[in-house]
Amino acid sequence: MDQGMRIAVVGAPGRMGRALVRAVHEREGLSLAAAVARPGSPAVGTDAGTLAGGSPLGVSVTDSLAAVLDAVDLVVDFSTAEATLAHLDLCVRAGRPAVLGATGFTASERARIREAARHVPLVHAPNYGVGVNLALGLVAAAARVLGDDADVEILEAHHRHKVDAPSGTALRLGEVVAEALGRNLSEVAVYGRQGPEGPRDRATIGFSTIRGGDIVGEHTVLFAAEGERLEITHRASSRDTFARGAVRAAAWLAGRPPGLHGMEEVLGLGDG
Ligand SMILES: NC(=O)c1ccc[n+]([C@@H]2O[C@H](COP(=O)([O-])OP(=O)(O)OC[C@H]3O[C@@H](n4cnc5c(N)ncnc54)[C@H](OP(=O)(O)O)[C@@H]3O)[C@@H](O)[C@H]2O)c1
């Protein structure tokens with residue numbers, strides 16, 4: 001029987017990993033070939049389908065991507081930034097394309113991803129939701145029209161387990177605004193404020209972070225001008241939206257030459 005494209009989900013026991021196992025299983029043309037957990041994880045040896053809250057899929061969770069790569073066509077990795085880089089080295093060696101979901105990479109780690117993309121096709125996006133990727137385009141258009149007349153602030157909220165701040169999506173929204181306004185985000189970003197720091201510098205882009213409970217992910221870009229305010233908000237209510245987007249990216253990536261792609265390309269939205 002044709003198994004279609006054989007997918008390894010890395011970080012399978014995680015919040016996103018479980019949603020990905022379900023999304024891969026549900027998508028025609030893809031099959032779950034491997035589910036990978038951290039060495040020492042209690043999930044190792046369990047059935048990936050049961051772990052994801054469904055029926056058994058006959059795929060036993062392993063702790064070694066290297067051991068299963070031969071039987072896999074494409075890797076979808078939503079583990080951690082650090083683990084992703086190690087897995088990426090394996091993908092390059094084995095010539096396997098990958099869809100990368102982790103956030104919290106440093107600038108030099110992002111450079112390693114760009115380097116890997118010279119050898120294998122990669123999609124790397126801080127947010128695989130369709131709505132957020134549409135919001136990136138709306139935010140770019142708003143920034144271009146409002147120009148320097150509006151102060152830009154980016155607010156984001158996530159669940160209590162999230163380890164990086166601000167979110168990768170908030171940073172991407174900031175990059176899009178900075179690009180549209182001809183600013184360099186690393187020079188104008190302000191991450192939280194405290195104490196008497198004087199009036200707001202007009203060129204800055206501010207970030208505010210909320211962490212709590214089970215919030216899946218919320219982002220607002222606020223353009224505050226004299227006399228009016230524009231807010232562009234996206235709220236994710238289920239991780240399934242990210243998982244379905246990542247699986248769509250996997251199907252899109254198959255058969256492409258080496259290179260680094262964003263979700264806007266997968267969705268055919270053009271550049272920001
Ligand atoms: N791009 C997007 O659309 C999007 C959407 C949501 C989340 N994210 C990002 O995706 C990442 C995962 O998020 P999450 O909420 O699912 O986190 P999570 O629940 O902590 O899941 C991460 C999983 O990866 C596992 N892991 C750690 N090291 C590993 C290794 N060496 N090999 C295999 N698995 C390993 C963890 O295992 P242990 O728990 O046993 O350590 C855990 O099961 C985060 O960086 C998050 O910001 C991206």
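All ligand and atom numbering here is 1-based and tracks the order in the structure.
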Original post:
Can you check whether V10 has an N/O within less than 3.5 Å of an N/O in ligand 1?
Top reply: no
Subject >> Ligand-side contact atoms (ligand 1) for residue partner S79, heavy atom cut-off under 4.0 Å >> reply: 11 (C), 12 (C), 22 (C), 24 (O), 26 (N), 34 (N), 35 (C)
**OP:** Grab the two heavy atoms, one from F242 and one from G129, that are nearest each other, plus how far apart they are.
**Re:** CD2-N, 3.9 Å
Subject >> Point-to-point distance, once rounded to the nearest 0.5 Å, from CZ of R256 to CG of L122 >> reply: 13.0 Å
Subject >> Heavy atom of protein closer than 4.0 angstrom to atom 43 (O) of ligand 1 >> reply: yes
Original post:
Any idea which atoms of ligand 1 are less than 4.0 Å away from a heavy-atom of A37?
Top reply: 32 (N), 33 (C), 34 (N)
Original post:
How long is the span from the CD atom in E265 to the CG atom in L253, to the nearest 0.5 Å?
Top reply: 10.0 Å
**OP:** Give the residue and atom name of whichever protein heavy atom lies nearest to atom 34 (N) of ligand 1, and the separation in Å to one decimal.
**Re:** R38 N, 3.3 Å
Original post:
Salt bridge check: are D63 and R38 linked by an N-O gap of less than 4.0 Å?
Top reply: no
Subject >> Nearest neighbour in protein (non-hydrogen) for atom 21 (O) of ligand 1 >> reply: G14 CA, 3.3 Å
Subject >> Aromatic plane relationship, H261 with W252 - under 30° parallel, 30 to 60° tilted, over 60° perpendicular >> reply: perpendicular
Subject >> Taking atom 5 (C) of ligand 1 as the reference point, the nearest protein heavy atom with its distance >> reply: F242 CD1, 3.6 Å
Original post:
Which atoms of ligand 1 sit under 4.0 Å from any heavy atom of A125?
Top reply: 1 (N)
Subject >> Taking atom 45 (O) of ligand 1 as the reference point, the nearest protein heavy atom with its distance >> reply: T103 N, 3.0 Å
**OP:** Could you tell me whether R193 and E153 have a side-chain N and a carboxylate O separated by less than 4.0 Å?
**Re:** yes
Original post:
Below 6.0 angstrom between ring centroids: does that apply to Y191 and F207?
Top reply: yes
**OP:** Provide, to 0.1 Å, the distance between atom 48 (C) of ligand 1 and the closest protein heavy atom, together with that atom's residue and name.
**Re:** G101 O, 3.0 Å
Original post:
Got the closest protein heavy atom to atom 4 (C) of ligand 1, with its distance?
Top reply: F78 CE2, 3.6 Å
Original post:
Within the structure, does P126 bring an N/O atom to less than 3.5 angstrom of an N/O atom in ligand 1?
Top reply: yes
Original post:
In ligand 1, which numbered atoms sit nearer than 4.0 Å to a non-hydrogen atom of Y128?
Top reply: 1 (N), 2 (C), 3 (O)
Original post:
Are any of the heavy atoms in K162 under 4.0 Å away from ligand 1?
Top reply: yes
**OP:** Ignoring angles and geometry beyond distance, decide whether T80 reaches within less than 3.5 Å of ligand 1 through its nitrogen or oxygen atoms.
**Re:** no
Subject >> Proximal atoms of ligand 1 relative to A83 (non-hydrogen, under 4.0 Å) >> reply: 28 (N), 29 (C), 30 (C), 31 (N)
Original post:
Below 4.0 angstrom, N of the basic side chain to O of the carboxylate: do D89 and R112 qualify?
Top reply: yes
Subject >> Side chains of V247 and L30 in contact at under 4.5 Å (non-hydrogen atoms) >> reply: yes
Original post:
Would you say H87 touches ligand 1, if touching means a heavy atom closer than 4.0 Å?
Top reply: yes
**OP:** Taking atom 29 (C) of ligand 1 as the reference point, report whether a protein heavy atom occurs under 4.0 Å from it.
**Re:** yes
**OP:** Kindly write out the residues that satisfy side-chain contact (heavy atoms from CB on, under 4.5 Å) with T50, not counting sequence neighbours, or none if the list is empty.
**Re:** D47, P56
Original post:
So how far is it from I205 CD1 to E187 CD, rounded to the nearest 0.5 Å?
Top reply: 11.0 Å
Subject >> Lys/Arg N to Asp/Glu carboxylate O, R183 vs E175, below 4.0 Å >> reply: no
Subject >> Note: R114-E109 ion pair, threshold 4.0 Å (strictly below) >> reply: no
**OP:** Kindly compute the distance separating OG1 (T169) from NE2 (H219), expressed to the nearest 0.5 Å.
**Re:** 4.0 Å
Subject >> M16: numbered ligand 1 atoms lying under 4.0 Å from its heavy atoms >> reply: 6 (C), 7 (C), 16 (O)
Original post:
When only distance counts, is R239 in polar contact with ligand 1, meaning an N/O pair under 3.5 Å?
Top reply: no
Original post:
Tell me, which protein residue and heavy-atom name are nearest atom 25 (C) of ligand 1, and how many Å apart are they?
Top reply: G11 CA, 3.9 Å
Original post:
What part of A12 sits under 4.0 Å from ligand 1 if we count only heavy atoms: the side chain, the backbone, both or neither?
Top reply: neither
Subject >> Closest protein heavy atom to atom 17 (O) of ligand 1, given as residue, atom name and distance to 0.1 Å >> reply: R15 NH2, 3.6 Å
